[in-house]
Amino acid sequence: MNQSKITALFGGTFDPIHCGHLQVATALATEVGLDSIQLLPNNIPPHKPQPRATALQRLEMLKLAIQHLPLFSIDTRELARTTSSYTIDTLIEWRAEHKQTNTLVFIIGEDALYTLNKWHRWQEILNYCHLLICRRSSPSNIPYPESVKWWLQQHITDDITHIHAKPSGYIYLSNTPITDCSSTEIRSKIAQGKNCASLLPELVWQYIEQHNLYR
Ligand code: ATP
């Protein structure tokens, strides 16, 4: 395989970051051949309720989570914005800072496909990056929206060499193991006084306890 240098962005609210995020991203890095992954915390998620923890707290938890994981770093550009965190804006900004020939991948969980057609200028995303999709259990067998299904068919590849050969344009559905873990579930368990140590990086769990978050 031509191991070109790839930049990988993994966007999310990370409210809080949990073991599911880290496990799937690590498995994906091995599967696709990614040297590094930049976690991209959003400031104002456009399609979700506002985060419970502050931007600073979410950032602190990300720092603690990746302290001993050299695969990961953090891109804080969306936290610096005061407007909605539209992925397309970030991709355009990244492209303006890098050569057109550099490869960029954007990582999302499979559940995001159900609402992808609500993302701002979603059909333009592949002009700037490849989309790598981590498998995730879905609550039901609801099919993706028709427009997303059609778009997937047009751009999907199961050949990793395609990702390395072009700077953008493909969708790759990974074979990463399904990890049943979500921030929503964690917040709700903590609110019920349950212990979530097994679902979170140790230092993140300690931080949540110390700051009495999600109670
Ligand atoms: P919430 O439950 O609050 O919606 P979340 O657990 O989905 O949060 P986010 O920070 O919104 O976490 O997720 C960032 C990205 O990581 C999204 O693309 C999401 O689909 C993906 N993701 C989160 N958890 C998993 C998981 N367990 N397996 C695969 N992908 C995941």
Side-chain angles (χ1 to χ4, degrees), residues 8-32 34 37-55 57-66 69 71-72 74-79 84-88 90-91 104-120 122 125 129-140 142 144-145 148 152 171-192 194 196 198-201 204-205 208 213-214:
L9 294 177
F10 186 15
T13 310
F14 302 116
D15 186 28
I17 183 161
H18 52 68
C19 293
H21 292 124
L22 296 172
Q23 280 164 11
V24 293
T26 304
L28 187 67
T30 305
E31 185 177 327
V32 177
L34 305 172
I37 294 179
Q38 297 176 23
L39 302 171
L40 179 76
N42 55 31
N43 187 19
I44 306 176
H47 305 297
K48 289 170 78 167
Q50 291 312 297
R52 291 274 307 280
T54 66
Q57 287 170 331
R58 290 183 293 122
L59 180 59
E60 280 304 311
M61 289 189 277
L62 286 179
K63 286 182 185 164
L64 292 170
I66 66 167
L69 302 175
L71 175 65
F72 295 97
I74 304 170
D75 183 326
T76 57
R77 73 180 68 219
E78 292 192 352
L79 292 182
S84 275
S85 299
Y86 292 125
T87 299
I88 191 78
T90 301
L91 299 176
L104 176 64
V105 302
F106 194 84
I107 301 168
I108 59 172
E110 204 174 351
D111 56 306
L113 291 175
Y114 290 96
T115 50
L116 193 75
N117 57 340
K118 304 272 191 319
W119 289 23
H120 186 51
W122 66 279
I125 285 172
C129 67
H130 300 296
L131 213 50
L132 303 188
I133 301 169
C134 297
R135 295 177 66 224
R136 195 173 188 187
S137 59
S138 66
S140 61
I142 302 167
Y144 305 133
V148 173
L152 279 176
I171 301 169
Y172 177 76
L173 188 55
S174 78
N175 298 303
T176 47
I178 290 180
T179 312
D180 274 328
C181 182
S182 78
S183 300
T184 304
E185 176 202 347
I186 289 168
R187 290 192 303 271
S188 134
K189 281 191 167 159
I190 294 173
Q192 295 165 41
K194 292 187 182 155
C196 288
S198 64
L199 303 172
L200 295 157
V204 173
W205 174 238
I208 289 172
L213 289 179
Y214 310 120

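In each ligand, atom 1 is the first atom listed, and ligand 1 is the first ligand listed. Just so we're clear, the structure is a prediction, and the values are computed from it rather than from any experiment.
No donor-acceptor pair under 3.5 Å is formed between the side chain of R136 and the backbone N or O of A112. A donor-acceptor pair is defined here as one N or O able to donate and one able to accept, closer than 3.5 Å; such a pair exists between the side chain of T54 and the backbone of Q57. In this structure, the side chain of S85 engages the main chain of N43 through a donor-acceptor pair within 3.5 Å. Using a distance-only test at 3.5 Å, with no hydrogens or angles considered, a donor-acceptor pair links the side chain of Y114 to the main chain of I142. For the pair D75 (side chain) and R77 (backbone), a donor-acceptor distance under 3.5 Å is present.
Two residues are said to be in side-chain contact when any heavy atoms from C-beta on lie closer than 4.5 Å; L152 and L173 fail this criterion. Side-chain contact between T87 and W122 is absent, with no heavy-atom pair separated by less than 4.5 Å.
Taking only nitrogen or oxygen atoms, main chain and side chain alike, I107 does not reach within less than 3.5 Å of ligand 1.
With no hydrogens or angles considered, no side-chain donor-acceptor pair links T176 and E31 at under 3.5 Å.
When only non-hydrogen protein atoms are considered, atom 20 (O) of ligand 1 lies nearest to D111 OD1, 2.6 Å. Considering only non-hydrogen protein atoms, atom 19 (C) of ligand 1 sits nearest to R136 NH1, 3.5 Å. Counting protein heavy atoms only, atom 14 (C) of ligand 1 is closest to G11 O, 3.3 Å. Atom 27 (N) of ligand 1 has T179 O, 2.8 Å as its closest protein atom, hydrogens excluded (heavy atom only). Nearest non-hydrogen protein atom to atom 9 (P) of ligand 1 is H21 NE2, 3.5 Å. Scanning the protein for heavy atoms near atom 11 (O) of ligand 1, the closest one is K48 NZ, 2.6 Å. Looking only at protein heavy atoms, the nearest one to atom 17 (C) of ligand 1 is G109 N, 3.9 Å. Nearest protein heavy-atom neighbour of atom 2 (O) of ligand 1: T184 OG1, 2.5 Å.
Under a 4.0 Å heavy-atom criterion, R135 is in contact with ligand 1. Distances shorter than 4.0 angstrom occur between a heavy atom of H18 and an atom of ligand 1. Taking 4.0 Å as the cut-off, V24 counts as a neighbour of ligand 1 on heavy-atom distance.
Ring orientation note: the planes of H120 and Y86 are tilted relative to one another, at an angle of 30° to 60°.
Taking a cut-off of under 4.0 Å to the non-hydrogen atoms of R187, the atoms of ligand 1 that pass are 3 (O). Against a heavy-atom cut-off of under 4.0 Å, S183 is close to the following atoms of ligand 1: 1 (P), 2 (O), 3 (O), 5 (P), 6 (O), 8 (O), 12 (O). Every atom of ligand 1 with a heavy atom of I108 under 4.0 Å away is listed here by number and element: 18 (O). In summary, the atoms of ligand 1 found under 4.0 Å from a heavy atom of S182, numbered by their order in the structure, are 2 (O), 6 (O). The G12 neighbourhood of ligand 1 comprises atoms 10 (O), 14 (C), with distances under 4.0 Å to a heavy atom of that residue.
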Legend entry - Check against side-chain contact (heavy atoms from CB on, under 4.5 Å), T13 and S183: CA-CA 9 Å; T13 310; S183 300; over 6 Å; no
Inset, instruction - Using the ring pair (Phe, Tyr, Trp, His ring centres under 6.0 Å) rule, take H21 and F14 through it: C-alpha gap first, then chi angles, then the decisive distance, then the call. - result: CA-CA 9 Å; H21 292 124; F14 302 116; 4.8 Å; yes
